[in-house]
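Some notes on the structure that comes next.
As a basis for the values below, the full set of heavy atoms in this structure was taken, side chains included, without hydrogen atoms, waters or symmetry mates. Chain letters run A, B, ... following the sequence lines, proteins first, then strands; residues in each count from 1.
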Amino acid sequence: MEIREKILANLSAVKEKSPLIHHITNYVTVNDCANIVLALGGSPVMADDLEEVAEMVGFASALVLNIGTLNSRTIESMLVAGLRAKELGIPVILDPVGVGATKLRTNTAEKLIRELKPEVVRGNMSEIMVLAGQNVAIKGVDSIADEQGSSFIAKRFASELSCVIAITGKTDVVSDGRQVCLLDNGHRILADVTGTGCMTTSLVGTFCGVTKDYFTASIAGIISMGMAGEIAQATLRHGEGIGTFRARLLDSIYNLTPEILARDGKISYE
Amino acid sequence: MEIREKILANLSAVKEKSPLIHHITNYVTVNDCANIVLALGGSPVMADDLEEVAEMVGFASALVLNIGTLNSRTIESMLVAGLRAKELGIPVILDPVGVGATKLRTNTAEKLIRELKPEVVRGNMSEIMVLAGQNVAIKGVDSIADEQGSSFIAKRFASELSCVIAITGKTDVVSDGRQVCLLDNGHRILADVTGTGCMTTSLVGTFCGVTKDYFTASIAGIISMGMAGEIAQATLRHGEGIGTFRARLLDSIYNLTPEILARDGKISYE
Amino acid sequence: MEIREKILANLSAVKEKSPLIHHITNYVTVNDCANIVLALGGSPVMADDLEEVAEMVGFASALVLNIGTLNSRTIESMLVAGLRAKELGIPVILDPVGVGATKLRTNTAEKLIRELKPEVVRGNMSEIMVLAGQNVAIKGVDSIADEQGSSFIAKRFASELSCVIAITGKTDVVSDGRQVCLLDNGHRILADVTGTGCMTTSLVGTFCGVTKDYFTASIAGIISMGMAGEIAQATLRHGEGIGTFRARLLDSIYNLTPEILARDGKISYE
């Protein structure tokens with residue numbers, strides 16, 4: 001099946017099955033993540049207490065781990081939920097927010113990768129470079145501008161970890177260690193809103209809830225956000241900005257059809 | 001006084017007195033809950049630390065407990081705040097989010113009901129069925145589709161607990177153990193946005209802050225959300241969806257007058 | 001340099017340098033704070049774990065501490081991050097949300113002031129009066145109506161603490177202990193939305209990230225919010241309210257230019 005057919009089938013499946021997506025995530029963008037999953041057609045559940053995460057993940061079709069505001073309590077919950085997900089064959093999607101900025105983030109992300117072997121890791125270029133062992137200057141959670149070599153890093157790191165690596169930026173790069181896919185949807189205003197990275201990971205997680213083809217699921221999640229960003233930005237009138245854009249972004253995901261998603265994705269292979 | 005007169009008087013009282021509504025709630029929808037209370041005319045305060053909740057609830061006119069992202073720290077705070085509220089005669093409104101999904105949620109909700117004897121419990125059909133001891137298949141925090149028997153369960157459970165039970169769904173059911181009221185406002189898009197259940201509970205809590213008639217307060221809170229949902233949905237144009245809808249939902253609560261609320265509620269008795 | 005020239009230069013610097021603003025803040029309005037910093041041109045980072053805050057603040061240009069939903073874990077993090085910020089010469093901006101309502105809030109705010117000597121404290125009249133040792137009746141986090149004497153209190157308290165005190169209300173008052181500035185931008189609808197106070201503090205923090213003149217930075221932050229509130233309110237049509245207003249508030253900050261900010265600020269000196 002060609003990639004566009006698969007993407008069409010994936011979004012149809014999300015809307016039909018409404019997969020439950022368990023998140024252990026940060027308190028900054030958690031509401032946006034819940035709403036973007038709902039907008040796509042999935043069903044979000046956020047639960048982070050050690051005493052319930054193993055039980056909750058048992059109902060889920062995918063587990064999204066996001067270290068945006070990690071703390072000792074939630075790190076432990078991520079490990080327990082993740083190990084239970086692996087036992088049950090539920091995919092784990094990791095968003096290593098701000099990795100490299102502090103030892104806690106770097107150690108935690110490395111531990112989650114080592115112990116859970118996530119099916120997908122999605123980050124910006126600087127985050128993935130840190131995880132891939134590259135030297136890189138980090139400034140908070142910002143991504144570095146230089147995207148050269150991202151294909152090379154994505155492919156090598158995906159191969160090393162036997163997972164899908166998704167690097168989002170001006171051009172997004174997704175690799176499963178063999179194939180490398182370049183995605184060119186999106187608009188720069190997405191970087192002016194908090195949580196667009198987290199939301200992209202939640203969309204990827206939602207697609208991973210309906211297919212074992214995590215490479216296609218990652219592509220579908222990333223182009224969904226990119227296309228929604230384009231559509232939302234095009235509606236802005238004079239005087240409007242990121243407040244209105246955020247609402248329209250949810251609107252655009254809500255109105256995205258399988259046909260439009262499959263048709264308008266700017267997908268190329270290296 | 002007829003129900004519509006009471007509802008009119010209740011919303012007038014909210015706007016005049018601006019009751020302080022103390023919430024111990026989840027971090028997913030907490031911002032929406034605060035804004036919906038403000039939109040109605042109340043004054044929200046969110047505080048969950050064990051060292052301050054007993055003191056804070058003393059200033060409040062109602063206490064809303066929502067177990068959406070419960071953890072050991074906040075469960076203890078809910079109990080302490082709740083016991084202090086009961087001592088002071090302040091009504092306790094419980095939202096047992098996701099009860100039945102995990103033992104932690106079920107045990108916590110049951111403990112809160114047993115120890116605090118809340119004045120109102122609001123949930124969807126599956127949540128209330130779990131609490132009422134019915135066998136029911138739970139999938140995360142989703143509500144089950146079958147609403148048959150909800151009147152029967154609401155009335156019996158309300159009678160057993162000597163409280164108001166509110167079951168929200170396509171048709172909402174409210175009972176104080178003697179009367180059963182059916183409410184038919186609302187729109188199905190409300191289920192596509194996270195937090196509409198939590199916000200409904202916060203509206204109920206706000207009305208409970210101005211009257212001892214918790215049956216009417218529950219009806220007023222639920223029809224407020226239902227009517228706001230109808231109004232907000234009717235404004236949506238082509239290309240708009242849940243992002244714009246969320247903003248309009250707050251707008252609609254903000255512009256709801258006592259007269260409109262009393263007039264347009266679709267209220268019937270069994 | 002005249003105040004308007006300084007304000008113009010400050011906003012230009014924010015847009016050029018995109019200062020990283022580390023927040024340890026409440027989970028109610030944290031998303032709004034992150035987005036308002038982005039809208040102005042800054043770069044927010046929210047991190048509160050004891051094991052990473054000292055390291056994270058080292059990358060930051062300012063540290064915003066907000067006690068809206070404080071707990072024992074985050075209070076400790078605030079102290080550690082604050083002490084590290086002082087060592088590094090990074091300004092600390094304190095928002096003592098709800099101080100006076102509970103002993104925990106009062107003790108914490110006093111401790112943070114005593115141990116960290118923040119560069120700016122921004123609160124409403126009742127909060128600042130509590131900290132300044134005035135007797136005042138508190139009702140939750142609401143501000144008292146009477147603003148008489150706010151100039152006197154701001155100046156005296158700023159002088160005592162050797163910092164900038166900003167009291168926001170109908171007329172905002174900012175003092176560094178010598179000068180007292182009165183600000184008259186804003187609209188009363190701002191009080192109907194949760195987080196407008198927190199967001200104002202985040203804007204002040206963002207300006208403090210590009211200048212050592214914290215008096216001007218505080219003025220710039222407060223008039224930014226006031227002007228955005230005016231612009232956003234003026235766009236509201238029949239049926240719109242705080243939901244649409246919130247989105248337009250972010251839009252208005254996003255579209256604020258240094259020239260407009262410097263020109264339209266209603267600034268006077270006592």
The criterion is side-chain hydrogen bond (donor to acceptor under 3.5 Å, both in side chains); which residues satisfy it with A:Thr29, sequence neighbours excluded? A:Asn26
Quick one: do the B:Thr168 and B:Arg122 side chains pair a donor with an acceptor below 3.5 Å? yes
Sorted by chain and residue number, the salt bridge (Lys or Arg N to Asp or Glu O under 4.0 Å) partners of B:Glu51 (sequence neighbours excluded) come out as none
Which of residues 241-249 of chain A have a heavy atom under 4.5 Å from any heavy atom of chain B? A:Ala247, A:Arg248
Classify the side-chain pair B:Thr102/A:Glu52 by whether it contains a donor and acceptor separated by less than 3.5 Å. yes
If you tally heavy-atom pairs under 4.5 Å against chain A, which of B:Asp32, B:Thr69, B:Asn31, B:Leu104 wins? B:Leu104
Taking salt bridge (Lys or Arg N to Asp or Glu O under 4.0 Å) as the definition, give me every residue that meets it alongside A:Asp213, ordered by chain and number, with sequence neighbours left out. A:Lys6
Given B:Val97 and B:Val99, is the side chain to side chain contact (heavy atoms under 4.5 Å, CB included) satisfied, shown in steps? CA-CA 6 Å; B:Val97 181; B:Val99 69; over 6 Å; no
Identify which part of B:Leu236 has an atom lying under 4.5 Å from any heavy atom of chain A, answering side chain, backbone, both or neither. neither
Please determine whether a side-chain nitrogen of the Lys or Arg among A:Asp48 and A:Arg73 lies less than 4.0 Å from a carboxylate oxygen of the Asp or Glu. yes
Please flag which part of A:Asn35 lies under 4.5 Å from any non-hydrogen atom of chain B: side chain, backbone, both or neither. both
